[in-house]
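One structure below.
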Amino acid sequence: GTKNQSGLTLTKSMQLYEYFIFRHLANWAWGGGDSGDISPELCLDTFPLLTGACFGSLLIKGIGIGIILGACLNKAPLFMNVLQTGSVEGLSTGAIYGEAIMYSNSAFYGILRRNPFTAYGETAVVAVQTVILATLIWKYRNPPVTLSQRVTAVAGFMGYCFVVFQVLTPEQYPLLVTSNLPVLIYSRGSQMIATSRLKHTGTNSLITTAMNFLGSAIRIVTTIKEIGWDLALLQGYFLSAGLNAILILQFFLYKDNTAKFLAGIKSKKKKAE
């Protein structure tokens with residue numbers, strides 16, 4: 001290696017560590033791990049020909065970022081369907097409210113536990129999008145959502161946030177993710193029932209549902225690698241993947257009826273014009 005001003009020999013990792021950006025990225029990618037095979041210094045010493053352990057850790061971080069970026073578009077197809085048709089037919093209001101709580105629970109758990117953002121960031125992104133979707137339901141649902149129902153929903157959500165950040169103790173944080181199981185079953189179950197009753201998927205989006213399925217499946221792997229066998233988190237991801245798979249099946253089961261429904265909406269819009 002080279003020598004610094006004091007005459008000490010610098011390893012490759014020490015040379016790279018002198019640069020802020022390398023130091024910051026190395027700590028993000030390889031810091032805080034329990035494995036003796038992974039540390040910022042060890043991994044920088046082998047850069048760019050990383051060891052299997054260092055490359056695996058970096059890959060998991062990269063996948064986490066990819067999931068977060070993908071999550072930014074999670075509800076986009078659904079937003080487009082609703083705005084283009086001016087209808088929320090096929091969407092269960094209860095399912096959307098349940099999703100808002102469910103994704104908020106996961107995001108708040110990650111924040112309170114100080115987990116890496118790459119391990120939970122997509123839930124925060126999707127939580128915001130789900131709240132926006134709820135406001136679209138308020139606007140387009142027929143019969144309309146009353147003002148009192150909207151006020152109750154907002155007050156309930158604010159009260160929930162207060163309990164999470166001001167009342168829960170660290171020992172109670174796992175309740176956020178374990179309580180997601182019944183909320184998840186209610187949310188996805190409400191949507192399944194609504195679809196079965198209508199015999200079509202309405203303005204729901206197959207792309208959004210498929211992204212939810214893939215996100216849950218990938219999260220099983222990244223959670224094990226980044227956090228470990230956190231069963232409170234993992235059981236939720238396994239259940240979510242299973243329920244989303246059933247919702248995907250409904251898209252194919254009611255494909256023809258959905259096409260007829262959407263064609264009917266387009267025909268009505270043309271006549272109105």
Side-chain angles (χ1 to χ4, degrees), residues 28 31-34 64-65 67-68 71-72 74-75 91-139 141 145-191 193 212 215-216 218-220 222-244:
W28 167 75
D34 296 328
I65 290 177
I67 292 175
I68 293 170
C72 293
N74 180 270
K75 301 293 185 188
L91 292 178
S92 165
T93 305
I96 300 304
Y97 286 169
E99 272 197 31
I101 295 296
M102 183 176 67
Y103 286 117
S104 295
N105 275 348
S106 297
F108 293 162
Y109 178 76
I111 292 169
L112 292 170
R113 286 289 301 270
R114 292 185 170 84
N115 288 338
F117 185 71
T118 48
Y120 69 87
E122 83 281 359
T123 58
V125 172
V126 178
V128 172
Q129 293 177 62
T130 306
V131 171
I132 294 172
L133 184 57
T135 64
L136 289 178
I137 287 181
W138 291 353
K139 180 177 181 180
R141 199 184 77 173
V145 179
T146 65
L147 179 60
S148 63
Q149 289 175 325
R150 299 182 191 190
V151 171
T152 300
V154 172
F157 189 76
M158 291 176 66
Y160 150 76
C161 291
F162 175 81
V163 170
V164 169
F165 289 103
Q166 300 297 325
V167 178
L168 289 184
T169 63
E171 293 76 21
Q172 295 170 328
Y173 292 163
L175 291 175
L176 288 171
V177 282
T178 54
S179 67
N180 263 357
L181 296 182
V183 175
L184 177 63
I185 292 170
Y186 168 75
S187 175
R188 297 293 184 255
S190 296
Q191 189 57 63
I193 292 169
N212 288 338
S216 297
I218 294 171
R219 267 298 169 221
I220 293 170
T222 61
T223 297
I224 293 171
K225 292 291 289 183
E226 283 202 89
I227 299 172
W229 287 90
D230 188 329
L231 295 180
L233 279 176
L234 287 172
Q235 62 186 352
Y237 290 134
F238 275 112
L239 181 61
S240 179
L243 293 175
N244 279 308

Considering only distance and modelled atom types, tabulate donor-acceptor pairs under 3.5 Å from the side chains of residues 157-164, sequence neighbours left out.
unit_1, atom_1, unit_2, atom_2, d
Tyr160, OH, Asn105, N, 3.2
Tyr160, OH, Asn105, OD1, 2.7

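- Listed for the Ser179 side chain is a donor-acceptor partner under 3.5 Å among the backbone atoms of Leu176.
- Residue pairs meeting the side-chain hydrogen bond (donor to acceptor under 3.5 Å, both in side chains) criterion with at least one member in residues 167-178, sequence neighbours excluded: Thr169-Glu171, Thr169-Gln172.
- For the atom pair CG of Leu239 and CG of Asn244, the computed distance is 9.5 Å after rounding to the nearest 0.5 Å.
- With sequence neighbours excluded, the residues satisfying side chain to side chain contact (heavy atoms under 4.5 Å, CB included) with Arg150 are Trp138, Val145.
- For Ala124, the side chain to side chain contact (heavy atoms under 4.5 Å, CB included) partners at least two apart in sequence or on another chain are Ala107.
- Not counting sequence neighbours, the partners of Thr130 by the side chain to side chain contact (heavy atoms under 4.5 Å, CB included) test are Lys75, Ile96, Glu99, Ala100, Tyr103, Val126.
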*Please step through side-chain contact (heavy atoms from CB on, under 4.5 Å) for the pair Ile193 and Ser92, ending with a clear verdict.*
CA-CA 9 Å; Ile193 292 169; Ser92 165; over 6 Å; no
*asked:* Between Phe108 and Thr123, does the side-chain contact (heavy atoms from CB on, under 4.5 Å) criterion hold? Intermediate values first, please.
replied: CA-CA 9 Å; Phe108 293 162; Thr123 58; over 6 Å; no
*Might you work through the side-chain contact (heavy atoms from CB on, under 4.5 Å) test for Thr135 and Ile132, ending with a clear yes or no?*
CA-CA 5 Å; Thr135 64; Ile132 294 172; 4.3 Å; yes
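- Contact annotation: the side chain of Val125 never approaches that of Asn74 to less than 4.5 Å [non-hydrogen atoms, C-beta and beyond].
- When side chains are defined from C-beta on, Asn212 counts as touching Arg188, because their heavy atoms get closer than 4.5 Å.
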_Go through it in stages, so that I can follow the logic: the residues are Phe117 and Ile68, the test is side-chain contact (heavy atoms from CB on, under 4.5 Å), and I'd like the CA-CA distance, side-chain angles, deciding distance and then a yes or no._
CA-CA 9 Å; Phe117 185 71; Ile68 293 170; 3.8 Å; yes
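- To the nearest 0.5 Å, atom CD1 of residue Ile137 and atom OG1 of residue Thr93 are 4.5 Å apart.
- Contacts of Leu136 classified as side chain to side chain contact (heavy atoms under 4.5 Å, CB included), with partners at least two apart in sequence or in another chain: Phe79, Val82, Leu83, Leu133, Tyr140.
- A donor-acceptor contact closer than 3.5 angstrom links the side chains of Ser240 and Ser216.
- Shortest non-hydrogen contact noted between Tyr120 and Arg219 is N-NH2, 4.1 Å.
- For the pair Leu112 and Phe165, the minimum side-chain heavy-atom distance is below 4.5 Å.
- Closest approach of Gly94 to Tyr186, counting heavy atoms only: O-CE2, 3.4 Å.
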